[in-house]
**Q** 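The structure under discussion is supplied below as structure tokens; questions concerning it will follow.
Keep in mind that this is a model prediction, so the values were computed, not measured. Side-chain atoms are counted along with the backbone in the values below, which use heavy atoms only and exclude waters and symmetry mates. Whatever order the structure lists them in is the order used to number ligands and atoms, beginning at 1. Each residue takes its place number in the sequence, starting with 1.
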Amino acid sequence: MNNYPYPIKIRAVWWREEDKSICWINTKELPFKEEIICSSDPGRVAKAIIEMEIRGAPAIGVAAALAIASYAYKVKTRDIDSFYREVDSAINILWNTRPTAHNLFWALRRMRRKLHEAVEKGVSVDEVVEILENEAKNIMDEDIRANIKLGEYGAELVPDNSTILTHCNAGALATAAFGTAEGIMRAAWYKGKKIKVIATETRPVLQGARLTVWELVKEGIPVTLITDNMAGYVIRKGLVDLVIVGADRITSEGYVVNKIGTYMIALAAKRKGIPFYVAAPTSTIDLESTINDIVIEERNPDEVRKVLEKYITLPDVSALNYAFDITDPDLVTAIITEKGVIKPPYNENLPKILKK
Ligand SMILES: CSC[C@@H](O)[C@@H](O)C(=O)COP(=O)(O)O
């Protein structure tokens with residue numbers, strides 16, 4: 001297991017075998033400090049997700065699954081019904097952390113299904129614990145493999161010597177490893193394509209400036225940082241050949257929910273006539289949902305009033321803090337998944353690809 005065709009230099013979340021705990025790199029501290037935290041407490045992992053120590057839709061899903069597996073080892077009771085109730089309430093704690101990232105619910109549903117099936121079969125608590133560990137490890141490994149696969153599909157769409165604009169962090173730190181949008185950049189880079197990246201800073205949490213820049217520098221891929229409000233101008237000026245972003249949720253019609261600011265970039269790309277690609281594993285696609293079901297997370301307005309914990313405005317000014325926005329399907333050139341590149345019409349082609 002774990003034979004990946006490319007170097008895996010950065011992991012956002014992983015399993016620590018010695019004490020069956022989940023570990024993560026605290027992205028709140030990057031790029032200044034590489035702090036590793038390990039825990040088996042679902043409440044602690046939930047806090048890490050809410051406060052964005054762990055963030056990025058696929059990473060959140062993997063972390064939630066590993067947290068459940070780790071907690072299962074710590075449950076004391078050997079009575080299967082009490083065990084079921086305790087693990088089920090841990091699932092609920094993680095369920096109520098961030099409302100937009102589809103991968104969270106997808107991963108927790110998988111864990112709950114395994115728990116339910118095992119208990120129905122009448123197996124022992126120790127066996128269920130092992131089943132949960134295997135399922136969580138599968139979710140993690142599948143995420144890494146999906147990113148590599150979609151990275152390879154996407155790399156074929158990246159011209160040599162091109163400049164890619166990306167928004168926020170859809171990198172290794174937003175997934176179990178390798179990244180989605182950045183997975184494409186990594187695959188293109190390892191295949192020898194000379195690419196350059198323009199990264200937006202991504203206010204208010206600065207994932208682009210703090211995380212994307214750190215990752216790309218570590219990889220040796222040339223990166224230039226811009227403020228979010230420069231994106232329109234650099235696209236208009238012809239400094240960008242293509243845009244690649246990640247996604248937190250994709251609806252059945254092909255609406256893309258991604259980091260706030262994505263929509264403005266998609267509009268500018270359309271106007272300029274350059275491709276706007278969305279990179280996401282199929283675990284981000286929710287065929288059951290339509291645009292009416294999307295819940296956009298609203299975070300503490302203090303994130304907008306502050307930069308790196310320091311107020312930049314009057315502390316009591318009214319501020320909005322939508323964490324995500326919605327990009328219409330007609331602005332999306334293609335959705336790149338581990339099952340292939342999906343072109344419009346998305347309402348017809350998404351279900352076809354997902355059934356593969
Ligand atoms: C691969 S996750 C999707 C990303 O493009 C992006 O929206 C993102 O970084 C997630 O947001 P975050 O709020 O940091 O969890």
Side-chain angles (χ1 to χ4, degrees), residues 10 12-13 24-28 30 46 48-64 97-107 143-144 146-147 150-151 154 164-186 197 199-215 228 231 243-250 255-266 276-286 294-300 303-304 321-327 332 335-338:
I10 302 166
V13 284
W24 63 93
I25 184 162
N26 179 3
T27 66
K28 271 176 87 177
L30 285 169
I49 294 173
I50 292 167
E51 293 181 2
M52 295 173 75
E53 292 175 10
I54 305 168
R55 34 66 53 203
I60 293 170
V62 171
T97 48
R98 295 193 70 190
T100 307
H102 180 249
N103 309 61
L104 171 67
F105 308 105
W106 172 87
D143 184 60
I144 300 172
N147 296 332
L150 75 84
I164 302 166
L165 184 137
T166 192
H167 184 50
C168 195
N169 175 267
L173 292 166
T175 62
F178 209 69
T180 55
E182 265 180 52
I184 295 175
M185 297 169 205
R186 284 192 169 85
V197 177
T200 54
E201 66 171 348
T202 324
R203 274 276 287 147
V205 183
L206 305 175
Q207 295 95 324
R210 296 186 302 102
L211 311 179
T212 302
V213 164
W214 181 76
E215 285 197 31
D228 300 322
V243 176
I244 312 178
V245 297
D248 296 82
R249 179 181 289 261
I250 297 171
Y255 285 96
V256 173
V257 183
N258 193 50
K259 182 52 56 190
I260 192 80
T262 303
Y263 176 52
M264 297 190 301
I265 296 171
F276 178 90
Y277 294 120
V278 173
T282 51
S283 52
T284 304
I285 303 170
D286 183 8
I294 297 170
V295 178
I296 297 290
E297 178 184 5
E298 283 187 65
R299 296 181 62 82
N300 187 337
E303 287 181 348
V304 173
N321 191 7
Y322 294 113
F324 303 99
D325 64 21
I326 303 169
T327 297
V332 178
I335 298 173
I336 303 161
T337 75
E338 78 280 15

**Q** Would you say the side chains of Asn169 and Thr212 form a donor-acceptor pair under 3.5 Å?
**A** yes
**Q** Among all residues two or more places apart in sequence or in another chain, which pass the salt bridge (Lys or Arg N to Asp or Glu O under 4.0 Å) test with Arg55?
**A** none
**Q** Taking only residues two or more places apart in sequence, or in another chain, which ones meet Glu303 in a salt bridge (Lys or Arg N to Asp or Glu O under 4.0 Å)?
**A** Arg299
**Q** Side-chain contact test, heavy atoms from C-beta onward, threshold under 4.5 Å: evaluate it for Ile260 versus Arg203 and give yes or no.
**A** no
**Q** With sequence neighbours left out, what residues match Glu338 under salt bridge (Lys or Arg N to Asp or Glu O under 4.0 Å)?
**A** none
**Q** When you compare the side chain of Ile296 with that of Asp325, does any pair of heavy atoms fall below 4.5 Å?
**A** no
**Q** Given a heavy-atom cut-off of 4.0 Å, could you list the residues near ligand 1 in chain and number order?
**A** Met52, Arg55, Gly56, Ala57, Pro58, Arg98, Cys168, Asn169, Ala170, Ala174, Thr180, Gln207, Gly246, Ala247, Asp248, Asn258, Lys259, Phe324
